[in-house]
Amino acid sequence: MKKNLIRFLFLLAATSSVFAANVKRGGDANLTPYLNESDSRVVCKDIVGQVLKSPRIERFSREKGRDPIVTIGRIKDETGEFFDTQIIANSLKTAILNSGLLEFMANKDTRDEMRSELVDQANHANEDKALAMDDEDAADFMLTGSVKLMVQNDGKKQERTYIVNIELADLRTHRTVAMFEPSEEVKDYLKKIGSVKSR
C-alpha cells in the first residue's frame, strides 16, 4: 500500500504540466506557478493604495468629516483552480487596517458572533456591565471583486496571468463608484512563465 502511494506521488509529480523551478516573475526566484499569499499581499497593498486616492473616498472624508467605514464582500474565484479567495480578502483587510486612513467593519460572520455574544450578555451579565444591543456602526462602502486566469501556451512554455479586479460600491445607493486593478508594475507579480511537459 505504501509503495503504491509513493509510486502515485512520483507519477503525479512527473506528469505535472508546469514546473515551479522554471517559473519567472517580478525578479523573485522562489516561486510556484500559481497565485500565492505573497502575490496577494503585494497586489492588495497596491489596490488599497489606489482606493485611498479615489476621489469618492476623498470627497466622503471631506463632506462627512470622518474616515469612511469599509467592509469586504465576496471575492469570486474564476480561475478554475479552486483558489482560496479568502487570501485576497485577508490581504485587503490587512492593507486597509495598516493604512490608518480607512475604518474596517468586521465581516458578516464575525458580526453574527458578536451579536450572539451581546444576546448572551443581555441574558447573563451584570446589568451595569452588559453592552447594549443595536448600537453598531455601519459600513459606508463595500469592496468586492474577482480573480481570473488567462493561460497561453507557446511551444514548451506556458504563460499564466492572474487578473484581479476589485470594485468599490456605495452601500447607501448600491452604486458602483470605482473599479481597481493592479498597477502596471505590480501586474508582473501576477504573470508566471513555466516549462510545459507533455503528459
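Predicted model only: the values in this text are computed from it and were never measured.
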Quiz prompt | Working for side-chain contact (heavy atoms from CB on, under 4.5 Å), residues L168 and I57 | solution = CA-CA 10 Å; L168 181 70; I57 295 294; 4.1 Å; yes
Self-check item: Trace of the side-chain contact (heavy atoms from CB on, under 4.5 Å) decision for I166 with I75
Solution: CA-CA 8 Å; I166 299 297; I75 309 294; 4.2 Å; yes
Exercise. Start with the C-alpha distance between V164 and I47, add both sets of side-chain angles, then the distance that settles side-chain contact (heavy atoms from CB on, under 4.5 Å), and finish with yes or no.
Key: CA-CA 10 Å; V164 179; I47 286 177; 4.2 Å; yes
Self-check item: Stepwise side-chain contact (heavy atoms from CB on, under 4.5 Å) check, L118 with Q121
Solution: CA-CA 5 Å; L118 291 178; Q121 287 188 19; 4.2 Å; yes
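No donor-acceptor pair under 3.5 Å is formed between the side chain of D154 and the backbone N or O of K157. A side-chain donor-acceptor contact under 3.5 Å links N123 to the backbone of V119. Between the side chain of S40 and the main chain of N36, no donor-acceptor pair closer than 3.5 Å is present. Remark: the backbone N or O of S91 is not paired with any side-chain donor or acceptor of R41 at under 3.5 angstrom.
At least one side-chain heavy atom of L102 sits under 4.5 Å from a side-chain heavy atom of V70. Side-chain contact between E159 and K191: present, with at least one pair of heavy atoms (C-beta onward) separated by less than 4.5 Å. Looking only at side-chain heavy atoms (C-beta outward), S38 and Y189 stay at 4.5 Å or farther from each other. Two residues are said to be in side-chain contact when any heavy atoms from C-beta on lie closer than 4.5 Å; E181 and K187 meet this criterion.
Within a 6.0 Å radius of CZ in R74, other residues, nucleotides and ligands contribute 12 heavy atoms or fewer. Annotation: R66, atom CZ; neighbour count of heavy atoms from other residues, nucleotides and ligands within 6.0 Å is above 12.
A salt bridge is absent between R62 and E58; no separation between the charged side-chain nitrogens and carboxylate oxygens falls under 4.0 Å. Salt bridge absent: R56 and D140 never bring a charged side-chain N and a carboxylate O closer than 4.0 Å.
In terms of heavy-atom proximity, A95 sits nearest to C44 at CB-O, 4.0 Å. Across all their heavy atoms, D112 and R115 have their closest contact at OD1-NH1, 3.2 Å. The shortest heavy-atom contact between D170 and F141 is CA-CD2, 3.9 Å. Of all heavy-atom pairs between I72 and A89, the closest is CD1-O, 3.4 Å.
Taking hydrophobic clusters as Ile, Leu, Val, Met, Phe, Trp and Tyr residues chained together by side-chain heavy-atom distances below 4.5 Å, M142 does not share a cluster with V147. Under a hydrophobic clustering in which Ile, Leu, Val, Met, Phe, Trp and Tyr are joined whenever their side-chain heavy atoms come within less than 4.5 Å, directly or via other members, L52 and I88 fall into the same cluster. Hydrophobic clustering (ILVMFWY, side-chain heavy atoms < 4.5 Å, transitive): F104 and L101 are in one cluster. A single hydrophobic cluster is not seen to contain both V177 and L171; linkage of ILVMFWY side chains at heavy-atom distances under 4.5 Å, directly or through other members, places them apart. Grouping the Ile, Leu, Val, Met, Phe, Trp and Tyr side chains by contacts below 4.5 angstrom, directly or via other members, places M150 apart from Y162.
For the residue pair S146/K148, the side-chain donor-acceptor check at 3.5 Å is satisfied. Under 3.5 Å, the side chains of D46 and S183 contain a donor-acceptor pair of N or O atoms.
Every residue meeting the side chain to side chain contact (heavy atoms under 4.5 Å, CB included) condition with N126, not counting sequence neighbours, appears here in chain and number order: D128, K129. Under the side chain to side chain donor-acceptor pair (under 3.5 Å) criterion, T144 pairs with no residue at all, not counting sequence neighbours.
I87 CD1 to L92 CG: the interatomic distance, rounded to the nearest 0.5 Å, is 12.0 Å.
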